[in-house]
Amino acid sequence: QSRIQTGYLYFLASVAMAILPQAYAQQGAVPAGESIASLRQRAESGDPGAQTELSYRYYQGQGVAQDYSEALRWIRKAVDQGFAPAQVGLGTIYSDGKAVERDYAEAVRLYRAAADQGFAAGQTSLGYMYEQGFGVAQDYAEAVRWHRKAADQGNDAAQFRLGGFYSDGRGVVRDDAEAAHWLQRAATQGNPSAQYFLAICYAGGRGVSQDGVQALMWGMLAASRITGDDKKRAETLVQNVGSRLTAEQRDAARSLARAWRPTPHNPLPQGGGPQGGQVHALAIDPSTPATIYVGTEGGGVFRSSNGGTSW
């Protein structure tokens, strides 16, 4: 479990169909809580965002009866307008193979069209295809290139995948510190898989200074959000890490976990005091009082080992 293997704890939908409504909302394409009638009216008027969202509703059966043919009809209208989220959505339909015969080559073509427009979900989806060799020759270096483009835009799924490449040494020279860096960025945004593997990094001192409090905090966050067998793994990690800590340290980790909130994409600070707005939580390690943790609104969790002189 100390390495991030290809496909492990990863869901293709996290970079494609499942994130599309959020992507539309961020672009202002679909007002929050919009009715199906209003959405359909805008779709019929030619709005590609509404067309793509309506397709998503039909594909998932959200607010309407599930209808793959209608999903395809509406998303193709948006694709014909060059709308990048629709290109990713249709690419995922071809990858999924439920509504159409699976066609990875067509999925790659659509992902590339979105990626070439600079759309992060298209870039990391294309990276995943190169990673797996779906529709293209497997090429880890090319996968890294596309994941990095999306990761630099703040896409947490891409940041998680990039952390995996550095952890395993696929397409790049293995670098545990760089792996932990990208996992930290994804975990700070709320990616539960990244939170799980970041907890492993802190527990074992892999790419970061060993820190049981942070390991337990990130493990708790992951265990509260991951489902299925992965949830059991995260819960086991929490138990194992917690058993090696004092009661006070476990309390400190719980306090940080309760106060934690996902934060938007921001470059992590390189030095000085903790950045990112208000401090929401503060904990002092009772066994080493000079070790202080603070959780901030916009910058994640920071640790000082010298009483707050540096972080």
Side-chain angles (χ1 to χ4, degrees), residues 4-24 48-49 51-62 66-151 153 155-162 164-165 170-171 186 191 193 227-228 230:
I4 305 175
Q5 301 298 330
T6 300
Y8 184 59
L9 276 176
Y10 181 79
F11 308 96
L12 180 59
S14 71
V15 296
M17 208 64 178
I19 68 162
L20 287 177
Q22 180 183 1
Y24 308 151
Q51 290 169 344
T52 313
E53 172 68 11
L54 187 58
S55 167
Y56 177 83
R57 301 284 182 91
Y58 275 114
Y59 193 82
Q60 299 287 4
Q62 291 186 0
Q66 189 176 54
D67 188 328
Y68 288 153
S69 63
E70 277 295 282
L72 286 167
R73 184 172 76 89
W74 284 110
I75 203 164
R76 282 179 170 143
K77 287 179 180 291
V79 167
D80 287 344
Q81 298 187 61
F83 190 56
Q87 292 166 337
V88 174
L90 185 56
T92 303
I93 288 174
Y94 275 106
S95 293
D96 190 33
K98 293 179 181 178
V100 295
E101 184 177 351
R102 179 175 284 124
D103 188 337
Y104 287 138
E106 181 64 7
V108 166
R109 185 188 72 80
L110 288 158
Y111 289 152
R112 193 182 302 279
D116 286 342
Q117 294 189 61
F119 189 56
Q123 291 168 338
T124 197
S125 296
L126 182 58
Y128 185 77
M129 302 303 269
Y130 275 109
E131 180 180 342
Q132 299 294 328
F134 291 157
V136 291
Q138 189 177 54
D139 187 332
Y140 290 148
E142 192 69 1
V144 167
R145 186 171 78 88
W146 285 108
H147 281 312
R148 191 185 302 280
K149 286 178 180 289
Q153 293 191 61
N155 183 284
D156 64 281
Q159 291 167 344
F160 170 62
R161 298 311 298 166
L162 194 54
F165 277 99
R170 291 176 292 128
N191 185 298
S193 298
T227 59
D230 297 332

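We use all heavy atoms of the structure for the numbers below, so side chains are in, but hydrogens, waters and symmetry mates are not. When a residue number appears, it is its place in the shown sequence, counting from 1.
In this structure, CD on Gln132 lies 11.0 Å from OG on Ser95, to the nearest 0.5 angstrom.
When only modelled atom types and interatomic distance are considered, Tyr111 and Thr92 share a side-chain donor-acceptor pair under 3.5 Å.
The closest side-chain heavy-atom distance from Leu72 to Ile93 is below 4.5 Å. Side-chain contact between Tyr56 and Thr52 is absent, with no heavy atoms from C-beta onward closer than 4.5 Å. At least one side-chain heavy atom of Lys98 sits less than 4.5 Å from a side-chain heavy atom of Tyr59. Inter-residue side-chain proximity for Tyr130 and Tyr140 is flagged as unmet; no heavy-atom pair is nearer than 4.5 Å. Within the 4.5 Å cutoff, the side chain of Tyr104 has heavy atoms near those of the Met129 side chain.
Among residue pairs with one or both ends in residues 106-125, those qualifying as salt bridge (Lys or Arg N to Asp or Glu O under 4.0 Å) are Glu106-Arg109; sequence neighbours excluded.
Listed by chain and residue number, Glu70 satisfy the salt bridge (Lys or Arg N to Asp or Glu O under 4.0 Å) test with Arg73 (two or more places apart in sequence, or in another chain). Ala150 pairs by the side chain to side chain contact (heavy atoms under 4.5 Å, CB included) definition with Ala120, Gln123, Thr124, Asn155, Ala158, not counting sequence neighbours.
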Can you give the donor-acceptor pairs under 3.5 Å from side chains of residues 75-87 to other protein atoms, not counting sequence neighbours?
| unit_1 | atom_1 | unit_2 | atom_2 | d |
| --- | --- | --- | --- | --- |
| Arg76 | NH2 | Tyr94 | OH | 2.8 |
| Gln81 | NE2 | Gly46 | O | 3.0 |
| Gln81 | NE2 | Gln51 | OE1 | 3.1 |
| Gln87 | OE1 | Ala114 | N | 3.2 |
| Gln87 | OE1 | Gln117 | NE2 | 2.9 |

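Scanning both residues, Phe165 and Arg170, for their nearest heavy atoms gives CD2-O, 2.9 Å.
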